[in-house]
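Step one of this worksheet: look at the structure below.
Computation of the quantities below employed the complete heavy-atom set of this structure, encompassing side-chain atoms and omitting hydrogens, waters and symmetry-equivalent molecules. Since the model is a prediction, treat every value here as computed from it, not as a measurement.
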Amino acid sequence: LKYRSRSFDRIFLCQAIRHRHMAAPNAVAAPARTWAFSTCAVLAAALSALLCGYAPNQETRSPSTGDCASAVVVDDTASLLQHAVEVLPNHGGHRSAHGGSAHQAAAEGAAVQQQRDEGRKKPNVVFILADDLGSGDLKVFAGENNTIIETPAIDRLAEGGMLLKKYYAQPLCTPTRAAIHTGRYPIRYGLQHLVIKPTAPFSLATDEPTLPQAFKAAGYSTHAVGKWHLGHNTWNATPSFRGYNTWVGYYNDEVGPFDQYRDGFYDWHRQRRPNCGQDCTETDWSAKGAYNTHIITDEAVKIISDRSSDGKPFFLYVAYENVHTPCELPEGYAEPYKEKVQDRTRQIYAGMVAALDEGVGKITAALEESGMLDDTIIVFGSDNGGPLAIPRNGTLATIVSIENTAAGGGKDMDRVLVSCGDGSWNQDTGATNFPLRGSKGTLYEGGVRVPGIVHYPRKIKASSTFDGPFHVSDWFPTLLSAAGVSDVAERANFPLDGVDQWRALTTSNAEAFEDRIILLNTDRFQLGGAVVQGRYKYYFGGQLDPGIWQFPPEVAAARGWKQDDTLEGDPIWCPSGCMVDLKKDPREIYPFTPSATDRPELVSRLEEVRAVYNEFVEEAAFPLFVQVLLNPQMEKAQTEKAHAVAEAHGGVWTPYM
């Protein structure tokens, strides 16, 4: 190698390997010998290319001296081999054993290698979804001085990947999970409002094509761990019928972190194969007493370990309970924060984030130890913004019911209504979306603009940011595109709302979809909706929730603020529509309606966006939860039936329709 890849060196190397294969026993077939020589030519040329300045994943490299060709930039092994093929004619035309030129042999070898690379390098996908994580609770998004919470694993993920700075979700759990799985807005199938309750007689429509189904059709092994929350009224609505080969986790939300009960019934299950129904789904009693976040992490790590040996690409969906209520965690996680912040609620919440971060770290470590980290696309994000308290009257945005485990479990246990801590800062879970306005469940930025990270060393530039608009529905086409997977769904009746942003991400082209209109929510009742386009956000209807700007107590202590300084804005109410310039007013303090005299160009823009918004209103399916509310007798009957089926199955939540 030190002789800098002269032509005769390359030919000598190939001749030597060829001679060794030709001298092998007669059992070695001729095709194997000629393939060996072809491969030799390709590899030798590749070495020459490397020594002459072909630099994978580098932007510049000066050509070396001697008889080397001009330097170029290559992105992967296949490209390197192709460039090696182009180099060969410039260094002699040695002929292969079967009479073709070395150039022809190298071309054949490159084609074989390309096919192998495509099979081997089809990326794995790990989608990690946090629950109710505030955008102000990660330093990589909020800034070093705006939170005391340490998340080293998530920080490393961001350092090795890309931050999505304008990443939008739906305001609540179920709608976001539905949009991720379908690539379509929840208005398309009636899940645009609230969440699916344990006794709900509906689910994500079972004819909706899902993301894991698309990956499975392309030969991927598909797995889900953790929270489902897309309905379990029928077996066909459960994960193994929606595209996952295996699933372990819980159907509902707010499951006890240690006892796995929801509304008095146990909720932890295991499906070991596709279409795993009543005769196959297991109640996993072994989970009882363990911490849900630990269980989810351990299961995800095991799946990664198992997949490392079979060579098959996989799609893994990891849906954590943290940092959703109930606010409980093992000893030790909150301890580091007792000296950093006095408020007990914030201490507990910080510990819950720490447990989540620990899980992210173990998952990435498992990928690295298995040698799959560079070949895996990792997505990390939250399903909505953090829940906040309403300071003016002391009520909480969410009152959480926690099972009294001292009563022994079961549906007849005593229940207590508590907040997530005994702190004095009048928080909800302890989350913060500072400095954004609003809370989980609202259309303000604090409710729908969430943390997002994508990590893929082969294509995503490390320590980069993406300032273009990105919606959770975009993951469906974007991840399929990244993996080279075709969408086999019949789209005439299920058109996607998400757009393929893979090229935009890999080239950091934030302007690729700048003019796209992203729907945040609406319905036929026009109780208030919002869309985002470029730098502007548009509100229609109302009256919306007041929306507050609540800062974390540690920030207040450092800056001398008091709880009374928490701002509460006037509710946005725009029957004809109004706008917020997010570039100038990211905290949404000054919504405005443009006038023809002052800003005529914005008047026409508002009219155009309103027309699109009205189309969304007309297209919106009737909200499924409203159908239940309008028929209280049906709701009562369904609840009684669901409870009866659960009791008949040993006190375990089970599909009941």
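Distance NE2/His455 to CZ/Arg156: 10.5 Å, rounded to 0.5 Å. Note that CG of Asp383 and CD1 of Ile180 are 7.5 Å apart. Values are rounded to the nearest 0.5 Å. Interatomic distance, OG of Ser473 versus CD1 of Ile518, reported as 7.5 Å (0.5 Å rounding). Atoms CG and CZ, from Asp357 and Phe380 in turn, are 8.0 Å apart once rounded to the nearest 0.5 Å.
The side chain to side chain contact (heavy atoms under 4.5 Å, CB included) test with Cys173 singles out one residue from Asp132, Leu194, Ile196, and that residue is Asp132.
Contact check on Arg599 versus Glu601 returns a salt bridge, with a Lys/Arg side-chain nitrogen under 4.0 Å from an Asp/Glu carboxylate oxygen. The residues Arg177 and Asp131 are annotated as salt-bridged, a charged nitrogen and a carboxylate oxygen being separated by less than 4.0 angstrom. Asp581 and Arg535 are joined by a salt bridge, as a carboxylate oxygen and a charged side-chain nitrogen come within less than 4.0 angstrom of each other. Look at Glu445 and Lys537 and you find a salt bridge, because one of the NZ, NE, NH1 or NH2 atoms lies within 4.0 Å of a carboxylate O, short of that distance. A salt bridge between Asp253 and Arg262 is present, with a side-chain N of the basic residue lying under 4.0 Å from a carboxylate O of the acidic one.
Around CD of Glu490, the count of heavy atoms belonging to other residues, nucleotides or ligands within 6.0 Å exceeds 12. The 12-atom threshold is not exceeded at NZ of Lys636, counting heavy atoms of other residues, nucleotides or ligands nearer than 6.0 Å. Around CG of Asp207, the count of heavy atoms belonging to other residues, nucleotides or ligands within 6.0 Å exceeds 12. Under a cut-off of 6.0 angstrom, the local environment of OH in Tyr590 is sparse, with at most 12 non-hydrogen atoms contributed by other residues, nucleotides or ligands. Within 6.0 Å of the NZ atom in Lys197, the count of heavy atoms belonging to other residues, nucleotides or ligands does not exceed 12.
Side chain of Asp474 to backbone of Phe470: no donor-acceptor contact under 3.5 angstrom is found. Using a distance-only test at 3.5 Å, with no hydrogens or angles considered, a donor-acceptor pair links the side chain of Ser439 to the main chain of Leu388. Not one N or O on the side chain of Asn233 forms a donor-acceptor pair closer than 3.5 Å with the backbone of Ala200. Put simply, the side chain of Glu208 never gets that close to the backbone of Ala205: no donor and acceptor are under 3.5 Å apart.
Relative ring orientation between Phe540 and Tyr538 is described as parallel, the plane-to-plane angle staying below 30° on a 0-90° scale split at 30° and 60°.
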* To do: Go through the steps for His471 and Tyr185 under the test ring pair (Phe, Tyr, Trp, His ring centres under 6.0 Å), then give the verdict.
  => CA-CA 10 Å; His471 186 260; Tyr185 294 139; 5.3 Å; yes
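Taking the ring centre of Tyr317 as origin, the terminal cationic atom of Arg242 falls outside the region bounded by 6.0 Å and 45° from the ring axis.
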